[in-house]
Amino acid sequence: MRGDGMNGIGAAQVDEAIRLKHRVEQFLFLEARLLDANAWEEWLRLFTPAGMYWVPRMRGQLDARTQVSLFHEDALLRSVRARRLANHRNWSQQPPTHATRTIGNVSVTDPGPGTIVVRSSFQMLEWRADNPRAFGGSYTHTLREDPAAAGSFRIEMKRVDLVNCDAIHENLQVFL
Amino acid sequence: MYTNEQLADMIKPDKVHRAVYVDPGIFDLEMERIYGRLWVYVGHESQIPQTGDYLTSRIGRQDVILVRAADGKPHVLYNRCPHKGAQIVPPGGGHVDRHFRCPYHAWTFRLHGPMLSAPLRAGYEGTAFDPADEAFWLRRVARVASYRGFVFASLSAGGDDLVDFLGGAKAAIDNLCDRSPVGEVEVAGGVFRVWQNSNWKIFYENLHDTMHAAVTHESSVVAARDEYEASMAGQDMPFVLHIMAGNGEPYQFWEKLAVHAFDHGHGYMEGIFDPGGTDRDPTSRAHHESLAAAVGEARAREILGMNLHNTIIYGSGSPHTVFQQFRVIRPVAVDRTMVEIVTFRLKGAPEAVFERAVTYANTINSPSSNVMPDDVELYTRVQKGNRLDGGDWVSMHRYCGTDRDIPGGKVAVNGTSELPIRNQFVAWKALMTEGGAGCGGTA
């Protein structure tokens with residue numbers, strides 16, 4: 001009884017939760033590194049084939065079919081964006097966008113089984129053509145264990161809720 | 001400061017002086033003489049369905065409130081309390097019960113502007129304060145008119161009525177509404193608002209500039225084509241790729257498009273994407289069937305057969321009939337323009353038609369569009385380049401001298417003609433110079 005702390009959760013379960021959080025964090029940091037490096041093709045491979053990337057236009061938006069979105073991209077559209085960013089006549093990427101993303105407040109809000117839901121906060125500093133911009137908000141990742149790489153994940157859904165989703169935006173060209 | 005003669009000299013039949021894009025003094029004059037006179041789109045009646053519903057909007061430099069008043073009609077008021085000048089409502093939309101109440105000192109006003117009351121009226125006894133005097137009302141803009149739910153307002157008491165002003169461009173608003181089986185549209189799905197760091201006229205000129213499409217948009221055209229070849233060669237190209245790849249049509253394609261220019265700077269061009277493929281596309285087929293059931297097969301074919309790409313309503317923006325949107329263009333500074341992209345639902349049409357409009361807006365007009373950034377980049381480069389002393393004139397020579405007259409406007413002999421740009425500057429010159437001396441005393 002005495003060793004049974006943490007509201008009835010045993011030490012073994014705490015250990016498992018910490019390990020899961022650590023694995024999730026390592027995955028999120030890897031993802032951020034790929035995005036920061038503009039390594040779009042590698043980033044695309046983090047998704048499951050049916051995976052979605054969604055940046056709602058509205059706070060608390062539930063529907064992407066009948067409400068507009070800042071991004072709502074399946075594998076096809078993500079690949080088109082990556083191809084355009086790599087095209088040598090992408091006038092709006094001359095010079096290219098560079099950005100750095102910092103992730104914190106990582107918490108596993110649904111440990112599964114099956115899919116794992118992870119919520120984190122992010123801040124992103126972007127720089128292009130003498131124009132700095134700041135973005136921030138929350139990431140909600142729905143992850144699956146990666147069958148091809150033990151201990152890692154694939155993304156079923158990456159939802160990005162910007163604090164300034166309702167701003168008047170200039171071009172948003174790179175994945176957030 | 002410019003005389004009318006100097007302003008007129010900046011607009012030649014085949015070229016314009018670069019100052020019209022970069023001189024803040026000319027922008028100031030445009031706000032007075034163009035946006036102070038034209039009918040400008042302020043919003044749609046579906047955005048204010050109930051009495052007391054309001055929406056903030058803008059005409060030139062004037063923040064205004066579009067409100068449905070007790071008479072059931074849309075009214076447009078300056079967003080200024082006559083007491084201390086505070087803006088009476090914050091930006092956005094909302095609802096008030098029966099009257100506006102200023103949050104500073106609680107002066108209240110009827111929804112169409114007249115003053116209702118001010119606290120502690122005894123303090124005004126023996127003064128010139130008079131609630132019946134319009135000086136103590138929320139000021140109404142000079143003219144308001146609604147055409148099929150589209151509300152326009154003018155800061156000027158004189159001039160053409162709205163229908164005469166719209167002229168040939170009225171057909172595009174009609175066609176947008178007629179695509180609904182009940183003949184009505186409503187704003188739905190949320191709006192995008194995006195910045196362009198360039199003069200407002202550059203965007204208007206681009207709307208019918210068919211020579212830029214394959215060049216400016218090469219990156220998104222090639223990306224869409226390559227993706228198609230890599231992942232689905234031989235199948236029907238999906239809608240989201242089709243609307244990106246379409247910019248890459250060869251010059252012969254653009255040369256054949258019909259381009260109409262109407263009085264007051266308006267115009268429209270023939271559609272790029274063929275929505276009449278009703279046999280292939282289930283969404284178009286369902287739309288056609290719902291419309292034919294309401295208005296008959298022949299009329300449905302006529303309505304859906306009017307395939308327009310961008311329409312220009314000069315000073316307001318660009319409706320797109322086929323994909324049910326209105327890109328509202330708001331000049332903010334000589335080098336800064338806000339574009340609001342509004343999507344419409346066709347009342348009574350299958351929901352898939354609306355979902356397609358949302359997909360179009362997401363793909364083409366979102367700030368994250370793969371298509372628009374290259375446009376916006378080029379507009380910025382035009383803005384920056386025209387600040388230089390590398391030459392004073394901007395060319396619009398293409399097919400100059402060949403335009404053919406039609407009732408209320410002109411038609412281009414070739415789809416790549418710069419007629420639409422020349423036509424916009426005919427309107428610009430008339431507004432900026434006719435009677436300009438008495439309009440602000442800046443001449």
Side-chain angles (χ1 to χ4, degrees), chain A residues 40-41 44 49 53-97 128-131 133 135 160 162 164-176, chain B residues 92 188-197 215-228 230-232 238 240-241 244-245 325 330 332 338-343 345 351-352 354-355 357-363 365-378 380-381:
Chain A
W40 315 123
E41 287 296 329
L44 295 183
Y53 169 68
W54 186 23
V55 186
R57 163 66 181 77
M58 266 69 78
R59 256 169 259 285
Q61 187 172 336
L62 296 175
D63 178 23
R65 290 188 310 124
T66 61
Q67 289 186 302
V68 295
S69 299
L70 294 174
F71 296 76
H72 186 247
E73 299 188 338
D74 59 8
L76 182 83
L77 286 172
R78 289 193 302 273
S79 179
V80 169
R81 178 175 305 279
R83 287 174 187 275
R84 193 191 88 79
L85 290 169
N87 188 285
H88 70 292
R89 286 182 169 167
N90 57 359
W91 318 121
S92 66
Q93 280 292 289
Q94 301 178 16
T97 301
R128 179 187 175 257
D130 296 336
N131 184 23
R133 287 195 296 181
F135 297 98
V160 183
L162 286 172
N164 59 340
C165 59
D166 48 359
I168 309 173
H169 288 289
E170 296 184 12
N171 291 334
L172 302 172
Q173 300 194 61
V174 303
F175 301 103
L176 301 175
Chain B
V191 301
F192 288 125
R193 294 183 301 158
V194 297
W195 286 121
Q196 297 178 355
N197 291 317
V215 184
T216 302
H217 299 299
E218 183 174 329
S219 67
S220 52
V221 168
V222 170
R225 281 183 186 163
D226 287 354
E227 184 59 35
Y228 171 75
S231 62
M232 58 185 61
V240 288
L241 295 187
M244 283 189 258
Q325 61 169 227
R330 305 285 190 216
V332 173
M338 197 270 275
V339 181
E340 190 164 35
I341 299 103
V342 183
T343 306
R345 176 187 273 121
E351 191 67 356
F354 175 60
E355 290 175 14
V358 169
T359 300
Y360 182 84
N362 282 347
T363 309
N365 302 121
S366 160
S368 76
S369 159
N370 283 302
V371 178
M372 289 298 293
D374 287 318
D375 277 321
V376 171
E377 172 72 15
L378 268 297
T380 306
R381 292 196 197 184

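We name chains A, B, ... by the order of the sequence lines, and we start the count at 1 in each one.
Neither the backbone nor the side chain of Ala86(A) has a heavy atom closer than 4.5 Å to any heavy atom of chain B. Heavy atoms closer than 4.5 Å to chain A are found nowhere in Asn365(B), neither backbone nor side chain. With a 4.5 angstrom heavy-atom cutoff, Asn171(A) touches chain B via backbone and side-chain atoms both. Contacts of Leu241(B) with chain A are made by side-chain atoms alone, with heavy-atom separations under 4.5 Å and no backbone atom involved. In this structure, no portion of Gln196(B) lies under 4.5 Å from any heavy atom of chain A. Both the backbone and the side chain of Leu76(A) come within contact range of chain B, judged by heavy atoms closer than 4.5 Å. Heavy atoms of Gln94(A) lying under 4.5 Å from chain B belong to its backbone as well as its side chain.
Gly189(B) and Met58(A) get closest at one heavy-atom pair: O-CE, 3.8 Å. Scanning all heavy atoms of the two residues, the minimum distance from His72(A) to Asn362(B) falls at CB-ND2, 4.4 Å. For the pair Trp91(A) and Val215(B), the tightest heavy-atom approach, listed with the atom from each and the gap, is NE1-O, 3.3 Å. Closest non-hydrogen pair, Leu70(A) versus Pro367(B), comes out as CD2-CG, 3.7 Å. Val68(A) approaches Phe192(B) most closely through the heavy-atom pair CB-CZ, 3.5 Å.
Under a 3.5 Å cut-off, the side chain of Arg57(A) and the backbone N or O of Ser366(B) do not form any donor-acceptor pair. Side-chain N or O atoms of Arg193(B) include one that pairs as donor or acceptor with a backbone N or O of Asp166(A) at under 3.5 Å.
Listed options Ser369(B), Ala357(B), Ala188(B), Ala223(B) were ranked by heavy-atom pairs under 4.5 angstrom with chain A; first place goes to Ala223(B). Between chain B and the options Arg81(A), Gln67(A), Glu170(A), the largest number of non-hydrogen pairs under 4.5 Å is found for Arg81(A). Here Ser92(A) is the residue among Ser79(A), Ala129(A), Ser92(A) with the most heavy-atom pairs under 4.5 Å with chain B.
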Next item on the list: Go through the steps for Met244(B) and Leu77(A) under the test side-chain contact (heavy atoms from CB on, under 4.5 Å), then give the verdict.
Entry: CA-CA 11 Å; Met244(B) 283 189 258; Leu77(A) 286 172; 3.8 Å; yes

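When only modelled atom types and interatomic distance are considered, Arg84(A) and Ser220(B) share no side-chain donor-acceptor pair under 3.5 Å.
Taking CG from Asn131(A) and CG from Asn197(B), the interatomic distance works out to 7.5 Å, rounded to the nearest 0.5 Å. For the atom pair OG (Ser219(B)) and CD (Gln93(A)), the distance works out to 9.0 Å, reported to the nearest 0.5 Å. If you take CD on Glu377(B) and CZ on Arg128(A), they are separated by 4.5 Å, rounding to the nearest 0.5 Å.
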